[in-house]
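Notes follow once the structure below has been shown.
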Amino acid sequence: MKYVVVSGGVISGIGKGVLASSTGLLLKTLGLRVTSIKIDPYMNIDAGTMSPLEHGEVFVLNDGGEADLDLGNYERYLNITLTRDHNITTGKVYQQVIERERKGDYLGKTVQVVPHLTNAIQDWIERVAKVPVDDTGLEPEVCIIELGGTVGDIESAPFVEALRQFQFRVGHENFALIHVSLVPVIHGEQKTKPTQAAIKDLRSLGLSPDVIACRCSEKLEKPVIDKISMFCHVGPNQVLGVHDLNSTYHVPLLLIDQKMTKYLTQRLSLDSLNVKPEAKAKGEDLLNRWKVLTTKYDRSFETVKIALVGKYTHLKDSYISVIKSLEHSSMRVSRRLEIVWVEASDLELESNDTDKVKYHKAWHSLCCADGILVPGGFGSRGTEGMMQAAKWARENKIPFLGVCLGFQVATIEFVRNVVGITNSNSQEFVPELSDEEATVVYMPEIDKDKLGGTMRLGLRETVFQTEDSVLKKLYGGVDEILERHRHRYEINPKLISKIESKGLKFVGKDLAGERMEIFELENHPYYVAAQYHPEYLSKVLDPSKPFLGLVAAASGVLDKVLNGEIKPISQGDF
Ligand code: GLN
């Protein structure tokens, strides 16, 4: 197993995740099987309890693990399926060590950060790196490890020490380190001092960079590269410039241009892995598809405007998978994506904190959009505004996609205004609502009497109920699909027949046929919603189908997607 660690210096949030995923992709184009591990040095066991406004989206995995959003980056770039164990947090390793200590596993020894915690971290990495994650079902050959935060933080210290030891555990030719740094431009000058200081910190902790990836707003100048090389004690070929690009999908190509593949091949003796010719060809094919898709997108000029009506719009990372799904879809239909952010509560006139200007601006944005998306969320704030948005889309035949909460609020809107139960709502927002009036009810997953507060999480089946479904067609005509879930409430089974009789059809249900998974509205170009979160499985080269439907309908090309005129990049395109 070859390990590539991606760490960061200077400041966090400069794109370590994209760099790590791009590096993974680059290795995948060589035909290698690549996996990844994300280390989050916070104390939380997982991201499940973290507010999206503070930490961005909670990414849900097949196994129901609630993980850091970077795992989403890996899955999307590398087309792999990760597990909850691929996200290591301080909370998780401490929990494991403390549990072992209680069991007496340490045989009376004093349990310490070094060696017990650091050993636990290394064992964890070695164990999880071996888990097959792609369609070959084979053990991966390369593992990308992204260390969250910045080196030098108190909380990441045990991980840094574990990685320092790890380089000797696995051997020099199996361990490379990419340190992501920042080169700020001050008064037009590219400054190297922060990078020098960051590398000094890194070295003082016993880790040496093999590649210094310098994030910069502009292209790195040659003398700057030479200076970093000289002061940081690495060759100039080990200093890479990663400047701001119009799309992060170009980062892998930027790294290839700077010969990173060649460097890593030598540094990690990748040739010794003897990649089979078929795997090599698959890797080359991947690179070609990636190139064609990203350059084709650069050349598209027509835009598609999607209004994203949510409640966490101040931190765009809260909706990262949704944004990516829209991006993947617009790449497929060759439209430039313009996301119009609409804070749902701004659409409500009565809302206390909404002034008239905000209200009219929000409605203007909504009305100008080619398509409307209401994503997932929790709590009542903004839900009346989301219902207004759904109503607008429904009545004016604007393409609409609702996801999870979006599915629930759109159904409530329909029940109120079409079925005629005017006070209907979700028991999440009005717990005292009776089962006769509530459109959305509490759904204890296992035991109806046990109010454990557990969520329905991870991969579940949806069975199509009819041939007459646009989503079924988009999914390629299959009878059953598997998508990821994260919810506590569901559509009230008691109201189904009333709702369906008015034209809103539940065309997808769970295996037992009890839980509503997809609705589609009759006589509307695209009014679709799902209880599951299709955004978690969207891939760069394989966009999520409900999103593709929305973007295609909003671009006026849904029929071309359905009849195969618009199709994935194939070998004929390169
Ligand atoms: N709050 C809703 C529920 O728990 C929707 C959840 C979501 O959108 N992820 O069912």
Side-chain angles (χ1 to χ4, degrees), residues 46-53 55-62 64-67 69 72 308-313 315 317-323 325 343-345 372-387 389-390 400-413 415 424-431 433 435 438-446 448 451-460 462 483-493 495 506 508-510 514-519 528-538 544 546-547:
D46 63 32
T49 56
M50 294 172 115
S51 158
L53 273 177
H55 205 77
E57 168 190 277
V58 175
F59 189 76
V60 179
L61 301 161
N62 272 6
E66 298 175 284
L69 56 84
L308 202 155
V309 185
K311 61 182 288 192
Y312 315 113
T313 57
L315 183 67
D317 267 0
S318 310
Y319 296 113
I320 180 102
S321 294
V322 166
I323 299 171
S325 306
E343 183 67 30
S345 54
I372 295 171
L373 173 71
V374 180
F378 292 83
S380 67
R381 186 174 64 82
T383 50
E384 292 296 325
M386 292 173 195
M387 288 180 219
F400 172 88
L401 176 65
V403 171
C404 205
L405 180 67
F407 169 74
Q408 299 174 355
V409 293
T411 314
I412 298 170
E413 185 279 315
V415 168
S424 194
N425 212 327
S426 165
Q427 288 178 346
E428 181 180 2
F429 320 135
V430 187
L433 262 189
D435 279 359
T439 302
V440 180
V441 293
Y442 185 68
M443 164 209 61
E445 163 115 83
I446 306 153
K448 284 258 179 200
L451 306 181
T454 47
M455 274 204 259
R456 184 167 177 247
L457 280 166
L459 210 63
R460 303 296 159 98
T462 292
E483 292 273 10
R484 295 178 181 174
H485 293 71
R486 184 175 190 243
H487 65 127
R488 247 184 221 110
Y489 294 83
E490 64 177 329
I491 303 295
N492 186 353
L495 294 186
F506 292 97
K509 298 184 185 173
D510 73 340
E514 287 165 359
R515 223 153 250 166
M516 302 306 116
E517 289 284 2
I518 303 170
F519 79 50
V528 173
Q531 182 61 75
Y532 57 82
H533 288 267
E535 68 270 25
Y536 292 135
L537 286 179
S538 192
S544 158
F547 284 88

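Note that this is a predicted model, so its numbers are computed, not measured. Position 1 is the first residue of the sequence, and the numbers go up from there. Just so you know, ligand 1 is whichever comes first in the structure, and atom 1 is the first atom listed for that ligand.
L459 pairs by the side-chain contact (heavy atoms from CB on, under 4.5 Å) definition with N62, L482, R484, L537, not counting sequence neighbours.
For H533 (side chain) and E535 (main-chain N/O), no donor-acceptor pair under 3.5 Å exists by modelled atom type. A donor-acceptor pair under 3.5 Å links the side-chain atoms of Y319 to the main chain of Y312, judged by distance alone. Between the side chain of Q427 and the backbone N or O of L433 there is at least one donor-acceptor pair closer than 3.5 Å.
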May I have the N/O to N/O pairs between ligand 1 and the protein that fall below 3.5 Å, each with atom names and distance to one decimal?
{"from": "ligand 1", "atom 1": "1 (N)", "to": "G377", "atom 2": "O", "distance (Å)": "3.0"}
{"from": "ligand 1", "atom 1": "1 (N)", "to": "E428", "atom 2": "OE1", "distance (Å)": "2.7"}
{"from": "ligand 1", "atom 1": "1 (N)", "to": "E428", "atom 2": "OE2", "distance (Å)": "3.2"}
{"from": "ligand 1", "atom 1": "4 (O)", "to": "R488", "atom 2": "N", "distance (Å)": "2.9"}
{"from": "ligand 1", "atom 1": "8 (O)", "to": "G377", "atom 2": "N", "distance (Å)": "2.8"}
{"from": "ligand 1", "atom 1": "8 (O)", "to": "G377", "atom 2": "O", "distance (Å)": "3.3"}
{"from": "ligand 1", "atom 1": "8 (O)", "to": "L405", "atom 2": "N", "distance (Å)": "3.0"}
{"from": "ligand 1", "atom 1": "9 (N)", "to": "R486", "atom 2": "O", "distance (Å)": "2.9"}
{"from": "ligand 1", "atom 1": "9 (N)", "to": "H533", "atom 2": "NE2", "distance (Å)": "3.1"}
{"from": "ligand 1", "atom 1": "10 (O)", "to": "Q408", "atom 2": "NE2", "distance (Å)": "3.0"}
{"from": "ligand 1", "atom 1": "10 (O)", "to": "R488", "atom 2": "N", "distance (Å)": "3.1"}
{"from": "ligand 1", "atom 1": "10 (O)", "to": "Y489", "atom 2": "N", "distance (Å)": "2.9"}

**Q.** Criterion side chain to side chain donor-acceptor pair (under 3.5 Å) on T439 and S424, from CA distance to verdict
**A.** CA-CA 6 Å; T439 302; S424 194; 2.6 Å; yes
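Considering R456, R460, Q531, E490 in turn, R456 is the only one that fulfils the side chain to side chain contact (heavy atoms under 4.5 Å, CB included) rule with D510.
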